Amino acid sequence: MFFKAYKTVEDAIKKVSGEDDVLLGDGGEHADLASTVAFSLAKKRKENPVKIAADITAELEKELFEADISVSTKGPYINFIFGKNYISDVLRESLKPGFGQLSEKNIRVCIEHTSANPNGPLHVGHIRNSVIGDTLARVYKKAGYSTDVQYYVNDMGRQIAIVSWGFDNLDIKRKEGEKGDRYVANVYVAANRSIEADPSIKEEIDRRMALIEQGDPEMVKKFRDAVILCLDGMKDTLKKLNAPHNRFIFESDFVKSRLMHHVLNRLSSIPQAKHDETLALDLTEFGFEKDYVLRRSDGTSVYAARDLAYHEWKSDNYDRIIDVLGADHKLIGTQLQATMKLLGDKAPEIVFFEFVSLPEGSMSTRAGKFISADDLIEEVTKRAYEEVDTRRPDISEEDKKAIAESVAAGAIRYDIIRVSQEKSTVFNWKEALDFEKQSAPYVQYANARACSILEKSGEFEERFEAESEHEIALVKKIALFPKIIDEISRDLRPHILAIYARELADLFNTFYRYNPVLKAEGDLRDSRLTIVKAAQNTLSEVLKTLGIDAVRSM
RNA sequence: GGGCUUGUGGCCUAGCCUGGAUAUGGCGUUAGCCUCCUAAGCUAAAAGUCGGGGGUUCGAAUCCCCCCAAGCCCGCCA
């Protein structure tokens with residue numbers, strides 16, 4: 001509905017002003033849309049912008065009368081306000097199941113996220129990647145793309161060699177009920193301490209690296225066992241966060257299948273290839289000073305080589321490739337993009353996000369200095385349970401637990417997704433445990449309130465009208481949901497959705513406060529119930545797209 | 001040393017790409033609202049050199065240049 005109204009206004013201004021760029025944007029508190037085209041015309045015509053705005057407005061009024069859009073000026077600004085037809089169209093549209101879904105695009109998108117090294121549990125830094133990636137995946141589905149969500153498993157890296165050495169040499173027992181990822185981290189931390197104490201162990205690690213590259217069966221099994229053990233624990237964490245992947249791709253498969261060798265062969269014959277002891281690429285034409293090394297002088301491959309093979313495979317199988325990576329991967333990520341271009345393949349679009357640190361400094365799996373996602377989930381769930389327990393003595397233990405889990409996972413996801421990805425953050429327990437205002441529970445609560453009203457209302461006849469300022473503001477906000485989905489699928493900035501969710505909940509709560517629904521009578525009751533139903537449907541679709549449970553009661 | 005990113009009231013944060021109407025919200029503080037559809041809610045108040053300086057423009061938080069501060073990267077690690 002919004003798209004249509006926008007286009008109508010845009011076309012009208014183009015026709016009346018003769019300008020290509022109609023400078024049309026959000027009207028804020030003044031209007032639904034506003035144009036500053038009078039300023040640019042003023043320059044060209046050497047006239048007063050206020051006068052131009054007034055002149056144009058008279059013509060625009062005629063153009064837009066049919067569409068029920070009113071036009072007015074405030075100084076040089078031209079304001080557009082949508083009328084009753086718009087409201088009624090929005091209400092009809094937003095009551096439909098799956099509201100916000102855009103038309104099918106027939107484009108295959110591959111989204112890679114998380115892809116943390118399987119040498120320990122996911123921590124609060126990793127899950128920023130998971131939440132951004134999973135939210136994007138949900139947005140892309142909503143935007144009509146077919147999506148595949150992948151985890152790239154670094155199963156032949158140095159870290160895993162260290163873990164396998166630890167398992168063979170350190171006799172560390174798995175504690176009763178200990179998760180696999182936590183156990184692997186213990187072995188990894190201990191092995192690193194051993195290496196610090198006795199650097200000669202490094203030779204043994206190098207030997208394992210060489211064996212894994214050759215595909216030595218015994219070493220392959222050792223690596224794979226450790227990786228699977230860790231990965232199972234990580235999958236469990238991702239499940240609790242509603243951030244599942246549908247495929248796990250192992251980097252060693254690209255060595256085994258010789259895809260990596262094919263890519264390296266292709267690259268070794270391009271003009272940018274440098275054959276010294278190593279195989280490297282000269283990417284100075286892209287502004288990179290350092291060579292991009294792909295093969296060591298001992299003949300073994302580095303991570304970049306395997307990653308290139310993976311991306312070439314993605315290029316062959318998808319129309320769009322999106323990678324979510326931490327800011328520490330900026331250099332290697334952009335080098336990879338440049339190399340894909342040299343190969344004539346599709347380069348990935350990369351969403352970089354800045355770091356999450358602890359108040360005492362940055363996190364480190366190797367040093368055992370991190371807050372695990374599991375611990376965070378546990379603490380937040382505990383806190384959520386206390387809240388439900390005091391508020392809802394009337395419901396069963398089972399329901400309390402289920403609500404607490406939904407609230408906790410939602411609170412964590414919202415807390416992460418609400419800040420834009422280019423901002424580095426410091427993890428803060430107080431904020432993580434705060435369930436008011438700018439939080440998932442705030443939005444979930446608005447949805448639950450709406451559900452409660454609809455449960456009590458009984459049958460009613462849908463009426464597609466809004467009278468009060470609060471009703472109108474709410475309906476107009478509902479109308480923007482498809483636009484938000486479209487925007488995020490273009491800009492890859494998912495925090496916009498969190499802000500939208502908050503604003504939608506704000507407007508629903510204000511409406512709820514000033515416009516009684518169940519106590520209203522006749523047509524007014526029906527039209528308000530219709531608005532509640534539309535708001536509830538939209539809130540629940542927004543929450544679903546954020547990967548947050550839209551609980552019906554809390 | 002070079003590159004990238006960030007800097008908005010005591011704290012957190014939107015807006016920056018695509019310049020325009022009194023800079024968005026929250027936390028905290030202060031003062032109110034439950035005989036009323038779930039108070040995880042609502043209302044109001046106090047609180048701002050948009051890091052600093054220059055420039056472009058009728059107009060700059062937004063664009064350009066310089067400087068300062070913080071984080072990340074600059075490995076034949078991943």
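Since the structure is predicted, the reported quantities are computational estimates derived from the model, not experimental observations. Order of the sequence lines sets the chain letters (A, B, ...), proteins ahead of strands, with each chain counted from 1.
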May I ask you to say whether A/Arg224 pairs ionically with A/Asp155, meaning some side-chain N is under 4.0 Å from a carboxylate O?
yes
Mind checking the P distance from B/U24 to B/A14? Whole angstroms is fine.
15 Å
Please pick, from B/A78, B/C72, B/G15, the nucleotide with the shortest atom-to-atom distance to any side-chain atom of A/Arg493.
B/G15
Using the P atom as the point on both nucleotides, what is the distance between B/U8 and B/G51, in whole Å?
6 Å
One character per nucleotide, please: for nucleotides 28-34 of chain B, 5' to 3', B when the base has a protein heavy atom closer than 4.0 Å, S when only the sugar-phosphate does, - otherwise.
-------
Nearest listed nucleotide, side chain of A/Glu289, among B/A39, B/C77, B/G2:
B/G2
Got a salt bridge between A/Glu387 and A/Arg383, using NZ or NE/NH1/NH2 to carboxylate O under 4.0 Å?
yes
Short question: side chain of A/Ser35, backbone of A/Val22 - any donor-acceptor pair under 3.5 Å?
yes
Given B/C37, B/C27, B/A78, which nucleotide is nearest the side-chain atoms of A/Tyr303?
B/A78
Assess whether a salt bridge exists between A/Arg296 and A/Glu277, defined as any Lys/Arg side-chain N lying under 4.0 Å from an Asp/Glu carboxylate O.
no
Under 4.0 Å between a side-chain N or O of A/Tyr442 and OP1 or OP2 of B/G25?
no
Ignoring the backbone of A/Pro516, work out which of B/G20, B/C37, B/C42 is nearest its side chain.
B/C37
Between B/A60 and B/A44, how far apart are the two C1' atoms, rounded to whole Å?
32 Å
The nucleotide from B/A78, B/A39, B/U43 with an atom nearest the side chain of A/Arg449 is B/A39
A/Thr36 side-chain proximity, nearest of B/U43, B/G20, B/C76:
B/G20
Report, one pair per line, the protein and nucleotides 6-13 of chain B atoms (nitrogen or oxygen only) whose separation is under 3.5 Å.
unit_1: B/G7; atom_1: OP1; unit_2: A/Lys423; atom_2: NZ; d: 3.2

Select one nucleotide: of B/A78, B/C37, B/A21, the one nearest the side-chain heavy atoms of A/Gln159.
B/A78
Looking for any heavy atom pair under 4.0 Å, which part of the strands does A/Val517 touch: base, sugar-phosphate only, or nothing?
base
A/Lys437 side chain N/O closer than 4.0 Å to the phosphate oxygens (OP1, OP2) of B/C42?
yes
At under 4.0 Å, does any side-chain N or O of A/Tyr512 touch on OP1 or OP2 of B/A39?
yes
Considering only heavy side-chain atoms of A/Phe39, the closest of B/C58, B/C72, B/C36 is B/C58
Give a yes or no on whether a donor-acceptor pair under 3.5 Å exists between the nucleobase atoms of B/C76, that is its base, and the side chain of A/Ser297.
yes
Checking all strands, does A/Arg525 fall into the base, sugar-phosphate, or nothing category for heavy-atom contacts under 4.0 angstrom?
nothing
Under a 4.0 Å threshold between the charged nitrogen and the carboxylate oxygen, would A/Arg528 count as salt-bridged to A/Glu471?
yes
Could you please name the option among B/A78, B/C42, B/A39 that lies closest to any side-chain atom of A/Asn117?
B/A78
Salt-bridge present (A/Lys483, A/Glu487; N to O < 4.0 Å)
yes
Do A/Asn509 side-chain and B/A39 base share a donor-acceptor contact under 3.5 Å?
no
Picking from B/C42, B/C37, B/A78, the nucleotide nearest the side-chain atoms of A/Tyr514 would be B/C42
Just by distance, no angles: are the side chains of A/Asn515 and A/Ser468 close enough, under 3.5 Å, to form a donor-acceptor pair?
yes
Whether A/Tyr514 and A/His470 hold their rings parallel, tilted or perpendicular, with breakpoints at 30° and 60°
parallel
For A/Arg552 and A/Ser452, does a side-chain donor sit closer than 3.5 Å to a side-chain acceptor?
no
Would you please confirm or rule out a distance under 4.0 Å between OP1 or OP2 of B/G15 and any side-chain N or O of A/His495?
yes
